[in-house]
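Here is the structure we will look at.
Counting convention: from 1, in listed order, for ligands and their atoms alike.
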Amino acid sequence: MNDSEQKKYIATPSRTNEIIKRYKLTMKKSLGQNFIIDPNILTKMIEAGEIDKDTCVIEVGPGIGALTERLAEAAKKVVTFEVDTRLKPILKRELADHSNIEVIFQDILQANLQEIFETHFEPEDRIVVAANLPYYITTPIIMRFVEEQLPIDTFVMMMQKEVAQRMTAQPSTKAYGSLTIAIDYYTHAEIAFHVPKTVFIPQPNVDSAILKLQRRVEPKVDVVNEKFFFQLIRFSFQQRRKTLWNNLTSHFGKNEDVKEELTRGLQAAGIDPGRRAETLSIEEFATLADELTELSQRETRS
Ligand code: SAM
């Protein structure tokens, strides 16, 4: 992108500073307001999400519209959620040239996403979630999107580098945990590229990464009881340094019949009770959850 092409975009130091000054905008740290000022990062994001005129986009947090205008240029339609109503006049004016943007001033966690899909998109539309996420609620936002049965094809999201690493970690690493497994269950996850803190105003304290998630047609593993599968993972990681046996007996209890059931289940799943949760693959957790279904029923009864 040459200089004159860059100049027209909001995501440049000159235009962002001009907008901030004109509207006397003070950025709210509590809302994770760090605005992007590098148009090339946004080009790479759009490429990573394969966003084209057959794609409709849901964006979270347009801010002053840096990513939104680029999405509108590339996509068929953009529906974007912003919680900060002070940005209303800014977005109205700065995005006035784009007729394919719908700004909804609402907390994304409160939005009725099913209704949004029905109202704004056609069943044949390819849907992508694209966002430079407010870092304080990255995980709840992503989990909301992936857990609801929504027809989202791909996610391209900027987030704190460490969170992206947790979402793409391999077993037996420090970053691997219940979040990694939940993401892997629903999606193929990869870090598309890293982003330095210098491309934001104001600069955050952390480096960032663009995470790309592609929704799986079917969850990665087949389990009898999905709720219990996720509970078992949570219990197993309760205290990372403890063994699986210690975490599971802390949770299910130490009486003889529980111990017997745990021993039988672990053995049937071929898992050594002395291992730590972080060494188990998603497939091993799935087998173990199915073997321990009896305990899930006890859980429900108690
Ligand atoms: N997209 C812009 C950019 O890339 O420059 C701004 C990104 S900024 C990191 C995050 C944006 O999310 C802010 O505009 C903030 O007000 C908004 N936001 C924070 N919490 C939100 C929520 N719960 N729902 C919707 N938007 C939210």
Side-chain angles (χ1 to χ4, degrees), residues 6 8-20 23 25-46 48-49 51 57-75 78-95 98 101-113 116 128-145 148 155-164 192-193 195-211:
Q6 288 203 4
K8 65 179 180 166
Y9 287 127
I10 297 170
T12 50
S14 55
R15 268 206 66 198
T16 294
N17 281 318
E18 186 190 299
I19 292 170
I20 290 169
Y23 295 91
L25 180 68
T26 47
M27 274 81 100
K28 286 192 180 171
K29 207 175 166 187
S30 61
L31 290 177
Q33 290 181 343
N34 302 95
F35 301 147
I36 192 119
I37 50 162
D38 183 340
N40 297 314
I41 302 272
L42 300 182
T43 306
K44 280 170 74 181
M45 244 177 119
I46 287 163
I51 295 168
V57 180
I58 296 199
E59 189 199 8
V60 181
I64 59 171
L67 174 59
T68 325
E69 74 168 348
R70 299 296 306 281
L71 293 170
E73 227 178 50
V78 183
V79 177
T80 184
F81 285 87
E82 176 56 65
V83 78
D84 186 355
T85 50
R86 297 177 310 151
L87 299 169
K88 239 182 209 177
I90 305 183
L91 288 168
K92 192 163 185 229
R93 180 164 161 184
E94 303 303 325
L95 299 176
H98 301 275
I101 301 174
E102 180 90 31
V103 186
I104 301 174
F105 284 91
Q106 189 182 19
D107 180 339
I108 187 70
L109 296 178
Q110 305 299 323
N112 181 339
L113 294 175
I116 293 294
V128 170
V129 173
N132 170 11
L133 289 172
Y135 290 179
Y136 74 106
I137 45 167
T138 300
T139 307
I141 291 175
I142 297 181
M143 290 320 291
R144 165 113 210 260
F145 275 114
E148 274 195 41
F155 300 71
V156 265
M157 298 164 299
M158 176 118 58
M159 62 191 65
Q160 186 177 336
K161 184 180 80 186
E162 287 73 15
V163 179
F193 57 96
V195 179
K197 50 184 115 167
T198 47
V199 302
F200 299 93
I201 287 181
Q203 269 189 39
N205 297 325
V206 293
D207 283 322
S208 301
I210 301 290
L211 181 77

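- For atom 3 (C) of ligand 1, the closest heavy atom belonging to the protein is Asn132 ND2, 3.5 Å.
- The nearest heavy-atom contact from the protein to atom 21 (C) of ligand 1 is Val83 CG1, 3.6 Å.
- Counting only distance, with no hydrogens or angles, the side chain of Lys197 and the backbone of Asn205 share a donor-acceptor pair below 3.5 Å.
- Taking CG of Asn112 as the start and CD of Glu148 as the end, the distance is 8.0 Å to the nearest 0.5 Å.
- For atom 5 (O) of ligand 1, the nearest non-hydrogen atom of the protein is Ile36 N, 2.9 Å.
- When side chains are defined from C-beta on, Val163 does not count as touching Leu211, because their heavy atoms never get closer than 4.5 Å.
- Residues Arg144 and Ile108 have side chains not in contact (no heavy-atom distance under 4.5 Å, counting atoms from C-beta outward).
- Inclusion of Ala66 in the set of residues having an N or O under 3.5 Å from an N or O of ligand 1 is not warranted.
- Counting heavy atoms from C-beta on, the side chains of Ile141 and Val129 never come closer than 4.5 Å.
- Under the 4.0 angstrom criterion for non-hydrogen atoms, Asn34 is in contact with ligand 1.
- The two residues Thr80 and Gly61 make their nearest non-hydrogen contact at OG1-N, 4.5 Å.
- Considering backbone and side-chain N/O of Asp84, none are found under 3.5 Å from N/O of ligand 1.
- Contacts between Tyr136 and ligand 1, counted as non-hydrogen atom pairs separated by less than 4.0 Å, involve the side chain only.
- Side-chain atoms of Ile36 and Arg70, non-hydrogen and from C-beta on, never get closer than 4.5 Å to each other.
- A 4.5 Å side-chain heavy-atom check between Ile37 and Pro13 finds at least one atom pair inside the cut-off.
- Proximity of Glu59 to ligand 1 is established by a heavy-atom distance of less than 4.0 Å.
- The shortest N or O to N or O distance between Gly63 and ligand 1 is under 3.5 Å.
- If you number the atoms of ligand 1 from 1 as listed, the ones under 4.0 Å from a heavy atom of Gly32 come out as 8 (S), 9 (C), 10 (C).
- When atom types are taken as modelled, the side chain of Gln33 and the backbone of Lys28 share a donor-acceptor pair closer than 3.5 angstrom.
- Using a 4.5 Å heavy-atom cutoff, the side chains of Tyr9 and Leu42 are not in contact.
- Among all protein heavy atoms, the one lying closest to atom 16 (O) of ligand 1 is Glu82 OE2, 2.6 Å.
- Within the structure, ligand 1 lacks Phe200 among the residues with a heavy atom less than 4.0 angstrom away.
- Put simply, CG on Asp38 and NZ on Lys44 are 9.0 Å apart, with the number rounded to the nearest 0.5 Å.
- Contacts of Leu133 with ligand 1, taken as heavy-atom pairs under 4.0 Å, involve the backbone alone.
- Ile108 N, 3.0 Å is the protein heavy atom nearest to atom 24 (N) of ligand 1.
- Under 4.0 angstrom from ligand 1, there are no non-hydrogen atoms of Ala11.
- Close approach to Phe35 involves these atoms of ligand 1, each under 4.0 Å from a residue heavy atom: 5 (O), 6 (C).
- Of the candidates Gly61, Pro140, Pro62, it is Gly61 that places a heavy atom closest to atom 12 (O) of ligand 1.
- Relative to atom 15 (C) of ligand 1, the option among Leu31, Thr138, Ile10 with the closest non-hydrogen atom is Leu31.
- The ligand atoms of ligand 1 that sit less than 4.0 angstrom from a heavy atom of Asp107 are 22 (C), 23 (N), 24 (N).
- Not one N or O on the side chain of Glu94 forms a donor-acceptor pair closer than 3.5 Å with the backbone of Gly65.
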